[in-house]
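As structure tokens, the structure follows; a few thoughts come after it.
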Amino acid sequence: MRPGHKLTDDDRADLADARRRCPDLDTVAGLARGFAALVRHQGTGQHLDAWINRARHAGYPEIRGFVAGLASDRDAVVAGLTQPWSSGPVEGPVNRIKTIKRQMYGRANLDLLRKRVLTTP
């Protein structure tokens, strides 16, 4: 899924060979690259509907399931593609707290979790 300009010549040749041998791989890779472009290049989300239609008609149940989730919450997806802010900076601390909680599962209560979270840098 690396952008084409970041592939080595050998990688590019291997990928072209694999995509030529397996049309399904070619289709799925094209859909994945299209969605990655939607996410990476912040814009208006105007191409989202076109991508959803292509993915719906691709014939892969896994892709259709993903598309159904996007379509069911389309407004949130468009907002995520168009808004300049991100919740990324808080994801690290949230992940750390969840890891501590999983380590303590069944062994202690909320008071100990609070102490561990507050005392750990």
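Heads up: numbering here begins at 1 and tracks the sequence.
Note that CG of Asn109 and CZ of Arg114 are 9.0 Å apart. Values are rounded to the nearest 0.5 Å. Distance check: Arg40 CZ to Leu38 CG gives 11.0 Å after rounding to the nearest 0.5 Å. Note that the CD1 atom of Ile52 and the CD1 atom of Ile63 stand 12.5 Å from one another [nearest 0.5 Å]. Residue His47 holds its NE2 atom at 10.0 Å from CZ of Arg54, rounded to the nearest 0.5 Å.
Between Trp51 and Phe35, the angle of the ring planes lies from 30° to 60°, which puts this pair in the tilted group.
Scanning both residues, Pro61 and Gly59, for their nearest heavy atoms gives CD-O, 3.8 Å. Of all the heavy atoms in Ala71 and Arg56, the pair that sits closest is CB-NH2, 3.3 Å. Here the closest non-hydrogen pair linking Ala55 and Val67 is CB-CG2, 3.3 Å. Nearest heavy atoms, Gly30 versus Arg19: N-NH2, 3.9 Å.
Heavy-atom contacts from other residues, nucleotides or ligands closer than 6.0 Å to CZ of Arg21 number 12 or fewer.
Hydrophobic clustering of Ile, Leu, Val, Met, Phe, Trp and Tyr side chains at less than 4.5 Å, counting indirect connections, unites Leu31 with Leu81. Grouping the Ile, Leu, Val, Met, Phe, Trp and Tyr side chains by contacts below 4.5 angstrom, directly or via other members, places Ile100 with Ile97. Linking ILVMFWY side-chain heavy atoms closer than 4.5 Å, directly or via other members, places Val78 and Val39 in a single hydrophobic cluster.
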Before you tell me yes or no, could you show the steps for Val117 and Arg96 under side chain to side chain contact (heavy atoms under 4.5 Å, CB included), namely the whole-Å CA-CA distance, both residues' side-chain angles and the distance that decides it to 0.1 Å? CA-CA 9 Å; Val117 168; Arg96 183 178 67 81; 4.2 Å; yes
Stepwise side chain to side chain contact (heavy atoms under 4.5 Å, CB included) check, Thr8 with Arg12: CA-CA 6 Å; Thr8 66; Arg12 199 173 287 114; over 6 Å; no
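The salt bridge (charged side-chain N to carboxylate O under 4.0 Å, His left out) analysis of residues 70-80, with sequence neighbours excluded, yields the pairs Asp49-Arg74.
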